[in-house]
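Have a look at the structure below before the remarks.
Below, each value reflects all heavy atoms present in this structure, side chains not excepted, and no hydrogens, waters or symmetry copies. In what follows, chains carry the letters A, B, and so on, assigned in the order in which the sequence lines appear, proteins first and then strands, with residues in each chain numbered from 1.
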Protein chains: 2
Amino acid sequence: MRLTTKGRFAVTAMIDVAMHGTQAPVTLAAVSERQKISLSYLEQLFGKLRRHGLVESVRGPGGGYNLAHPADSVSVADVILAVDEPIDATQCGGRENCFDDRRCMTHELWAGLNEHIFGYLRSVTLAELVRQQQPKSGDVSVLQDHRQPPKPRAKAELLPS
Amino acid sequence: MRLTTKGRFAVTAMIDVAMHGTQAPVTLAAVSERQKISLSYLEQLFGKLRRHGLVESVRGPGGGYNLAHPADSVSVADVILAVDEPIDATQCGGRENCFDDRRCMTHELWAGLNEHIFGYLRSVTLAELVRQQQPKSGDVSVLQDHRQPPKPRAKAELLPS
DNA sequence: TTTTAGTTGACTAAATCATTCGGGAATTGT
DNA sequence: ACAATTCCCGAATGATTTAGTCAACTAAAA
């Protein structure tokens, strides 16, 4: 699990698409303008998002990107995973070819931490994030625990070789 | 919040010190050998850990590093923060000089996500991680919720200018 | 057939990561 | 006083990642 600004950009852009893409596809130029993210950078990110099945593209005039699945079935984790590719980095590559006597500590350790953080990011959907953007007047009650009980969710299915 | 192998190295090393430093200070050479981390890299990391008040150093023969505070009062978050310096990167620098109409979305959004992840990392102490390493025989029950109710904790006090 | 907009790939500058090197300074033991 | 040990510090390095740019291309619409 990696957690950098790259993933943030992707999530931000996805929220933008979710918010403005209800009628027609959203063009990257529009996202770029609204979110102040470089157009070409967005192109890279959306290339990955598309290949991971998170968005669909429409070419030509009036084209742009749409969410491939309803916003409440896409988690923050899905988005981050799509752009920030895997990396496990437990140093013992996930196997137990560690060394010495005991298996290298970091093994279970980071797996557990990752699992937790990941579980959370998986529980937050785009729909919730969009919902929090809507109330323009009135105070935003900071992002309290809106997470729902685990429910089956459409998963990005293709990992092109 | 950033989450990379750098922070992992630091936590791993801190666990090593916590485990082997009960009698005498732990030398970085020993940590390097046991955890297979480059000595010079450890020196860099421990320089930061020391400046943040997480470890104390003893020079000369028989010297090395000791935890500056008991292992159950040091959280994973403390360690990661010490080496992976701040970075907020909400793009609007934390202030609301964003642009446009609404304040840039990412603001509250990532603050909230960060807060949660951070809360978790702050709830896991070195002592717990050490405890999980001890049972050499018998299965390790994967890192279930061992976290204790919030308790006041010694905080790294100095940020040298 | 021109315009819009996605698609792809290569390329770049800057930052970060992980590591190495070299020379210090403090402490211990002789 | 001297040598060994260990921390301390800064600079340099190569590899990777970030973030951004550029240019050429394809598909669809008007």
With a 3.5 Å cut-off and heavy atoms only, can you find an N or O donor on one side and an acceptor on the other between the side chain of Glu43(B) and the base of dC9(D)?
yes
Report the C-alpha separation of Arg34(B) and Val26(B) in whole Å, then their side-chain angles, then the decisive distance to 0.1 Å, and conclude whether the side-chain contact (heavy atoms from CB on, under 4.5 Å) test is met.
CA-CA 11 Å; Arg34(B) 276 191 295 264; Val26(B) 180; 3.5 Å; yes
Salt-bridge criterion met for Glu43(A) and Arg50(A) (N-O under 4.0 Å)
no
Pro61(B) side chain, from C-beta outward: closest of dT5(D), dT21(D), dT8(C)
dT5(D)
Spacing of Lys6(B) atom NZ relative to dT19(C) atom P, expressed in whole Å:
12 Å
Atom CD of Glu56(A) and atom P of dA28(D): how far apart are they, to the nearest Å?
14 Å
Here's a test of your reading of the structure: between Arg59(A) and Leu28(B), which maps to the more 5' nucleotide of DNA chain D?
Leu28(B)
Taking only side-chain nitrogens and oxygens of Ser57(A), does any of them come within less than 4.0 Å of OP1 or OP2 of dT7(C)?
yes
When you check the phosphate oxygens OP1 and OP2 of dT18(D), does a side-chain N or O of Thr4(A) lie under 4.0 Å from one of them?
yes
Atom pair distance, as rounded to whole Å: CD in Glu33(B) and P in dT6(D)
13 Å
Does the side chain of Phe46(A) reach to within under 4.5 Å of the side chain of Val17(A), using non-hydrogen atoms?
yes
What's Phe46(B) touching, base or sugar-phosphate or nothing? Going by heavy atoms closer than 4.0 Å.
nothing
Is the distance from OP1 or OP2 of dC9(D) to the nearest side-chain N or O of Arg51(B) less than 4.0 Å?
yes
Contact class for Thr27(B) vs. all strands (heavy atom < 4.0 Å): base, sugar-phosphate, or nothing?
sugar-phosphate
Under-4.0 Å side-chain N/O to phosphate OP1/OP2 contact, Tyr41(A) with dG20(D):
no
Give, for atom CG of Leu39(B) and atom OG1 of Thr27(B), the distance between the pair rounded to the nearest 0.5 Å.
7.5 Å
Calculate, to the nearest 0.5 Å, the distance between atoms CG and CD1 belonging to Leu42(A) and Ile37(A) respectively.
5.0 Å
Would you mind reading off the distance between Arg50(B) atom CZ and dA26(C) atom P, rounded to a whole angstrom?
12 Å
What's the closest nucleotide to the Tyr65(B) side chain, out of dC7(D), dC17(C), dT8(C)?
dC7(D)
How long is the line joining CG of Asn66(B) and P of dC7(D), in whole Å?
11 Å
For Val83(A), answer base if it contacts any base atom (sugar-phosphate contacts may also be present), sugar-phosphate if it contacts only those atoms, and nothing otherwise; contact means non-hydrogen atoms under 4.0 Å.
nothing
Separation of Leu42(B) atom CG from dC8(D) atom C1', in whole Å?
14 Å
So which nucleotide from dA19(D), dT21(D), dC17(C) ends up closest to the side chain of Ser38(A)?
dT21(D)
Rounded to whole angstrom units, what separation is found between the CG atom of Leu45(A) and the C1' atom of dT21(D)?
14 Å
The residue, Gln44(B) or Gly63(B), whose nearest nucleotide of DNA chain D is more 5′ is Gly63(B)
Do Tyr41(A) and Met14(A) share a hydrophobic cluster, counting only Ile, Leu, Val, Met, Phe, Trp and Tyr and linking them when any side-chain heavy atoms are less than 4.5 Å apart?
yes
From the candidates dC9(D), dG20(D), dT18(D), the one with an atom nearest any side-chain atom of Thr5(A) is dT18(D)
Ile80(B) has an atom CD1; how far is it from atom C1' of dC17(C), in whole Å?
15 Å
